[in-house]
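What follows is one structure encoded as structure tokens, with my remarks underneath.
Labels below follow one simple rule: chain letters A, B, ... track the order of the sequence lines, proteins then strands, and each chain is numbered from 1.
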There are 2 protein chains.
Amino acid sequence: MDGQASKPRLDGRGSRAGDQGLDAVSKDDEVNSPLFNNSLAKGLDMLAKFRNQRNGLSLVELAELTGMTKSSAQRCTFTLESLGYLTKDPKTRKYKLSPKVLEIGFNYIGNNMLVDFANPYLHNLNKETGETVNLAEPYGSNVIYVSRFQSMSHIVAYMSVGTVIPMHCSSSGRAIMSTYPREQQERILDASHLHAYTDKTVTDTDTILRAVESCRTTGIAYTIEEYFPDDLSLACAIIGANGQAIGAINLSVPSSRWTLDDALARFGPQIKQAAFAVSSLKTL
Amino acid sequence: MDGQASKPRLDGRGSRAGDQGLDAVSKDDEVNSPLFNNSLAKGLDMLAKFRNQRNGLSLVELAELTGMTKSSAQRCTFTLESLGYLTKDPKTRKYKLSPKVLEIGFNYIGNNMLVDFANPYLHNLNKETGETVNLAEPYGSNVIYVSRFQSMSHIVAYMSVGTVIPMHCSSSGRAIMSTYPREQQERILDASHLHAYTDKTVTDTDTILRAVESCRTTGIAYTIEEYFPDDLSLACAIIGANGQAIGAINLSVPSSRWTLDDALARFGPQIKQAAFAVSSLKTL
DNA sequence: CACAGAAGTATCGATTATCGATATTTAAAA
DNA sequence: TTTTAAATATCGATAATCGATACTTCTGTG
């Protein structure tokens, strides 16, 4: 008959922009399935809208951000506050996330075999080198940090587990990409915004692909001040059962104190050794 | 007319057990409000059910855990998977949390002024002492860790930001409680399970209250192997605008290597100094 | 290898819970 | 105080969620 999915869908959900280049595949069919629960999607979307909103969000702001009607937003905030995921400042009536959201997030880490298995190796690497060591997992066209052991002397950035960074400008991301087939590497870069976070960020696709390719032979990927200033980062992929990366270990030093060659010579073998050890966990 | 809220409510939501003694206040009226969105609550409840479920959960298991019908659970998993919060193992068809939940959870930390402000002081304390330092916030009758700087030499437990520990058996919790009026202290202990996590856990209400009281005078609360084995922990409250704690800083050392008195003498003043400095952030 | 049983998936009409509009109240700004 | 905007409460319509059930796929057992 009509055959067209031309339903107006003015209910706000559906665009889901700002997803940072994740889900490259269109999921429009899924949201139109009779199984898809819109109310749930709206509530989660609302929670996600609190990213970088230090001062909290008012009801109308939330309605605008999510594209809901004020009524819908009202029901959403009421429910989320009842459940303890949001708190409302009684004076300003602005909503903020409550610690309860952390608990949900933490369940991911608490259930994560890779984190469990890798932690002793990360700790050891941190102890031997005295430098900051991270464990990251692939997350769409980004990496997400799931474990972290900081250097005591110099800290380049106060960044928490859960932080998301694009693959293309992170050493871990490049190390992970290096285990993917070329076509997938290109798809990742296409889905990325290739934003220049610093004046050293490489945004040229070919240059990035060459860097990734070189990691294939050396085993170590690196970035120099491409995301955090004064940060020189080396990474090595953790290989899963299918031969592709399930994560990466990276080590960061201040670029003001280290040259790339010195850092590679000093830390490269140790990072590789740790990543190799963790790669033996083939439970994927 | 009938006036009775005697609706059967067999849809599963409503008990919300396992909430670890949080929300002591009954919220039954809220869930019966016409504003309350049950679908949203069910979906979040499902996400919460993944706590300590390393192997993932099948559809029927989720239906049982949440008390939903299989149909409801099916719609829920479908929606959560479409949105990227769950992944389904194509082989076992069990669902697991995906890293996306982390992102929601850690927006809380990213927006947290206290974490931002405290981090340099925590880092400094970690650097000067070489020991593990944490920042915790009150969370119902528990504390939740929101920032962490680990010792490089000895790590008592691989515990991540987001971890929740009962107030009654954590040094941070006792330090926080010490700033509350007696009545509230008792309410917290009543809401707690007073479970003995180790053979040293104090489960006697009066003993705990006395420990809390002594912190009021000394400024430092402590626990010795009451939650983690081989852990001696000292904590000092961070005071907010209203005079009550908005968090606590704690420092952990192996109890096998330190006596309480030595640790208090060595670290007590430094912890207090850090907590005092952070307390100057009176934005609550 | 075939069978049985259980879990996963798809479909469907009934009805209830969600919907947007709007009225009312409260707070902030002029 | 007056004005304006945001927050909260209310309500009938109806579309989206509901549970049941049929169907399919997987798993393990004899």
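- Here dT10(D) presents its P atom at 9 Å from CG of Leu35(B), a figure rounded to the nearest Å.
- Between Leu40(B) and Ser71(B), the residue anchored closer to the 5' end of DNA chain C is Ser71(B), taking for each the nucleotide with the nearest heavy atom.
- Residue Arg75(B) is the one, among Ser72(A) and Arg75(B), whose nearest nucleotide of DNA chain C lies closer to the 5' end (criterion: closest heavy atom).
- The nucleotide whose nearest atom lies closest to any side-chain atom of Ser39(A) is, among dA7(D), dT18(C), dT8(D), dT18(C).
- To the nearest angstrom, C1' of dA6(D) lies 11 Å from OH of Tyr95(A).
- Side-chain nitrogen and oxygen atoms of Asn37(A) include at least one within less than 4.0 Å of the OP1 or OP2 phosphate oxygen of dT17(D).
- Within the 4.0 Å cut-off from OP1 or OP2 of dA21(C), not a single side-chain nitrogen or oxygen of Thr69(A) is found.
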- Quick one: do Thr79(B) and Leu40(A) satisfy side chain to side chain contact (heavy atoms under 4.5 Å, CB included)? Show the steps, please. CA-CA 8 Å; Thr79(B) 305; Leu40(A) 174 53; 4.1 Å; yes
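- Taking the six-membered ring where the residue is Trp, Tyr197(B) and His195(B) present perpendicular rings, their angle passing 60° and hence far from 30°.
- For the pair Lys42(A) NZ and dA15(D) P, the interatomic distance rounds to 14 Å; values are reported in whole Å.
- Rounding to whole angstrom units, CD of residue Glu64(A) and P of dA7(D) are separated by 10 Å.
- The Arg93(B) side chain lies nearest to dC26(D) when the options are dC19(C), dC18(D), dC26(D).
- Lys42(A) and Thr66(A) share no donor-acceptor pair across their side chains, judged by distance under 3.5 Å alone.
- For the pair Phe78(A) CZ and dG20(C) C1', the interatomic distance rounds to 18 Å; values are reported in whole Å.
- Atom CD in Glu81(B) sits about 13 Å away from atom P in dG8(C), given to the nearest Å.
- A salt bridge is defined here as a Lys NZ or Arg NE, NH1 or NH2 lying under 4.0 Å from an Asp or Glu carboxylate O, and Asp45(A) with Lys49(A) meets this definition.
- Between the base of dA7(D) and the side chain of Lys70(A) there is a donor-acceptor pair shorter than 3.5 Å.
- One interatomic measurement links the two molecules: CG of Asn38(A) to C1' of dT14(D), which rounds to 15 Å at whole-angstrom precision.
- Considering only side-chain N and O atoms, Lys88(B) lies under 4.0 angstrom from the phosphate OP1 or OP2 of dT9(C).
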- Passes side-chain hydrogen bond (donor to acceptor under 3.5 Å, both in side chains), Gln53(B) versus Asn107(A)? Steps please. CA-CA 9 Å; Gln53(B) 298 289 348; Asn107(A) 285 343; over 6 Å; no
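- Nearer the 5' end of DNA chain D, as judged by each residue's closest nucleotide, is the contact made by Gln74(A), out of Gln74(A) and Gln74(B).
- Rounded to whole Å, atom C1' of dG8(C) lies 13 Å from atom CD of Glu61(B).
- At a threshold of 4.0 angstrom between heavy atoms, the contacts of Lys91(A) are confined to the sugar-phosphate backbone, with no base atom among them.
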